[in-house]
Amino acid sequence: INVCLEYIMIGISTTINEFEKLGLNPSLIRVLEEEKFEKPTEIQELTIPFVLDRKDIIARASTGSGKTLAFGSTILQNTKKGFGIQALILTPTRELAEQISKALNNFSKYNPLEIIPVYGGISINPQIKNLRHADVVIGTPGRILDHLSRRTIELKHLKTLVLDEADRMLDMGFITDVERIIGQCPKTRQTLLFSATISEDIVRLSKKYMANQMEISAEEYVDQAKLIQIYYDIDDSLKYSMLKHLLQNEKSKLVMVFCNTRRNVDFVANNLIAMGVEALTIHGGFSQEKRNKIMNQFHSQKYHVLICTDVAARGLDIKGVSHIYNYDIPKEAKEYIHRIGRTARAGKEGKVINLVSSRDYENFTSVLRDNSLKITCEKTPFVERTMTKWTPTMRGRGSRFSNRSNSNRGRGNANKDYGRNYSRSNSHSTQGNRNREEGIPHRNRDYRNRNLRSQNNRNSRSRYPNSNKRRY
């Protein structure tokens with residue numbers, strides 16, 4: 001017994017010493033010990049000493065590599081409770097903001113701070129209340145800008161700014177929002193930028209807003225030696241049948257099935273569920289509360305299949321994923337790499353299966369231009385055709401998925417003289433349709449067309465040419 005206890009104590013001591021060498025304080029090391037952190041990851045070893053030394057860092061690191069602790073160390077050790085918002089972490093997605101918030105709350109167990117996640121899709125009022133006492137804020141660019149415009153967030157005490165998954169934020173079109181937020185931060189601050197890929201836009205952003213930044217790159221967290229990548233070239237009509245066949249015959253743990261559209265997510269998931277496969281779905285059309293609930297269920301492994309769009313391809317650290325299915329092939333190799341990064345992590349084995357049909361050829365050709373990807377062709381097995389039980393419906397009239405008859409009175413019809421207009425004269429009809437094409441809200445169209453209606457009042461059949469009421 002004494003020998004066993006001595007061995008355990010030596011193991012704990014070794015773990016503590018490795019993190020102590022990086023400069024972490026005792027309260028944080030105590031949490032790491034309780035969470036059974038064995039040793040620092042590569043990105044943690046490379047960045048934490050410089051981060052604690054208040055250097056600006058631009059680091060290339062994949063999801064799951066331990067970067068939350070890497071940038072969280074300086075935040076947790078240099079933030080004092082009750083002195084305003086001293087750290088701001090920008091993330092591309094709500095799920096990632098929630099994930100980082102939970103991790104930092106856990107790391108700060110023995111040095112509690114007010115760590116507040118801020119993102120859209122939920123009521124802003126509780127956030128306004130919580131921000132009054134916040135020490136650390138993790139948020140998406142859109143909602144942070146919303147609070148800045150309302151003056152419900154104050155950044156004058158900010159010490160550390162973190163841009164997590166920076167490449168994803170730029171891909172999603174947040175570059176302008178990010179720069180506006182940076183412009184509201186104090187010039188004297190520490191800026192940390194973490195990204196899976198370092199593009200020209202990332203380099204430009206770092207040069208513009210960082211001072212004497214250090215560039216650090218960690219090896220890929222995905223073990224390529226333990227990652228099998230294959231594809232099946234199949235007929236369009238057999239794609240779903242092939243997916244069902246593989247799900248039933250492949251030995252797997254957690255499975256993620258990626259689709260390019262919400263419509264395909266619903267199609268695949270609803271048919272699998274109708275056939276007895278317990279599956280979860282997640283895409284950008286769900287409320288934030290529902291998305292959080294679904295991810296918690298998948299993390300708990302109560303369900304083993306998740307059908308999703310790329311909302312789940314970045315940032316989320318999901319352990320135990322053995323298989324990735326690309327039901328739809330992404331448009332770029334970069335997105336493909338983000339998807340397959342969910343498996344073969346931390347020494348575990350993983351498999352990626354691509355279902356390639358004629359409508360995927362162009363995308364798949366683009367993916368294969370990346371010479372680092374080793375994807376082999378597999379002979380397609382015999383697959384019994386499965387009759388789908390659920391077919392998606394599309395909005396609008398005359399759709400092949402709709403039972404409604406085609407009518408020339410439908411909104412958006414090619415016949416511009418029909419539809420929802422503010423006047424029945426030809427000139428007004430044309431203007432009304434132009435408004436719809438430009439996406440102008442209904443309540444604003446009358447104001448825009450008021451002068452036009454007044455000028456053409458004689459030609460109009462409208463009884464109330466200057467009225468704000470819409471005529472249908």
Side-chain angles (χ1 to χ4, degrees), residues 62-64 171 196-197 219-261 263-265 267-269 271-272 275 277 279 304-310 312-314 318 320-388:
S62 58
T63 303
D171 289 343
T197 57
E219 294 297 323
E220 291 293 330
Y221 194 59
V222 174
D223 190 345
Q224 296 293 335
K226 296 187 177 183
L227 178 63
I228 299 172
Q229 300 178 65
I230 64 173
Y231 75 91
Y232 293 102
D233 191 349
I234 58 176
D235 188 82
D236 284 315
S237 62
L238 284 175
K239 178 177 270 197
Y240 172 77
S241 302
M242 184 67 176
L243 174 64
K244 183 174 178 290
H245 170 83
L246 293 171
L247 288 174
Q248 291 175 334
N249 292 278
E250 285 277 337
K251 293 182 179 179
S252 58
K253 296 179 181 178
L254 294 184
V255 173
M256 298 181 72
V257 181
F258 282 99
C259 302
N260 288 350
T261 65
R263 184 167 166 267
N264 277 357
V265 167
F267 169 76
V268 171
N271 279 296
L272 288 176
M275 296 173 185
V277 178
H304 291 83
V305 179
L306 178 68
I307 320 297
C308 54
T309 55
D310 286 316
R314 291 295 303 274
I318 305 171
V321 177
S322 64
H323 283 63
I324 298 292
Y325 290 91
N326 282 317
Y327 186 81
D328 296 322
I329 306 300
K331 293 182 179 180
E332 299 178 350
K334 181 167 60 174
E335 288 302 326
Y336 177 87
I337 292 169
H338 295 325
R339 288 185 182 184
I340 69 174
R342 306 304 95 204
T343 189
R345 299 167 70 170
K348 305 291 184 181
E349 293 183 351
K351 190 171 185 179
V352 178
I353 300 176
N354 299 285
L355 304 181
V356 182
S357 61
S358 60
R359 64 174 181 261
D360 299 302
Y361 287 165
E362 184 177 351
N363 288 358
F364 197 54
T365 301
S366 176
V367 169
L368 291 176
R369 290 194 183 103
D370 189 327
N371 295 325
S372 67
L373 298 172
K374 308 299 180 184
I375 310 174
T376 58
C377 181
E378 288 285 319
K379 183 179 179 181
T380 304
F382 173 77
V383 177
E384 185 178 351
R385 188 182 298 275
T386 302
M387 297 301 294
T388 57

| task | For the residue pair Asn264 and Tyr240, confirm or rule out a side-chain donor-acceptor distance under 3.5 Å. | result |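 Judged by distance alone, the side chains do not pair up.
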
| query | Do we see a donor-acceptor contact under 3.5 Å between the side chains of Tyr336 and Asp370? | reply |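 No, no side-chain donor-acceptor contact under 3.5 Å.
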
Atom of [X], atom of [Y] and distance for their closest heavy-atom approach:
X	Y	answer
Leu243	Val257	CD2-CG1, 4.1 Å
Ser366	Ala333	O-CB, 4.4 Å
Leu355	Ile234	CB-CD1, 4.3 Å
Asp236	Ser357	OD1-OG, 2.6 Å
Val265	Cys259	CG2-CB, 3.7 Å
Ala279	Ile307	CB-CG1, 4.3 Å

Return the [atom1] to [atom2] distance between [X] and [Y], rounded to the nearest 0.5 Å.
X	Y	atom1	atom2	result
Arg339	Ile324	CZ	CD1	9.5 Å
Thr261	Asp310	OG1	CG	11.0 Å
Lys239	Asp360	NZ	CG	3.5 Å
Arg369	Glu332	CZ	CD	11.0 Å
Tyr325	Asn354	OH	CG	11.5 Å
His338	Ile340	NE2	CD1	10.5 Å

Under 3.5 Å donor-acceptor, [X] side chain and [Y] backbone:
X	Y	answer
Ser252	Ser322	no
Asp328	Phe258	no
Ser241	Thr386	yes

| Residues in side-chain hydrogen bond (donor to acceptor under 3.5 Å, both in side chains) with Asn271, at least two apart? |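 Scan of Asn271 (side-chain hydrogen bond (donor to acceptor under 3.5 Å, both in side chains), adjacent residues dropped) gives none.
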
| query | For Ser237, which residues count as a side-chain hydrogen bond (donor to acceptor under 3.5 Å, both in side chains) partner, sequence neighbours excluded? | reply |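 Checked Ser237 against side-chain hydrogen bond (donor to acceptor under 3.5 Å, both in side chains); matches are Asp235, Arg385.
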
| query | Hey, does Val356 have a side-chain heavy atom less than 4.5 Å from the side chain of Asn326? | reply |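 With C-beta onward as the side chain, the pair stays apart.
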
| query | Would a 4.5 Å heavy-atom cut-off, applied to side chains only, mark His323 and Leu246 as touching? | reply |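 Result no, sub-4.5 Å side-chain heavy-atom pair not found.
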
| message | Can you classify the ring geometry of Tyr327 versus Phe267 as parallel (below 30°), tilted (30 to 60°) or perpendicular (above 60°)? | response |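 Tyr327 and Phe267: tilted rings.
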
| message | Evaluate Val321 against Leu306 for side-chain contact (heavy atoms from CB on, under 4.5 Å), listing each step before the verdict. | response | CA-CA 10 Å; Val321 177; Leu306 178 68; over 6 Å; no

| What salt bridge (Lys or Arg N to Asp or Glu O under 4.0 Å) pairs are there with at least one residue in residues 242-255, not counting sequence neighbours? |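 For residues 242-255: Glu250-Lys351.
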
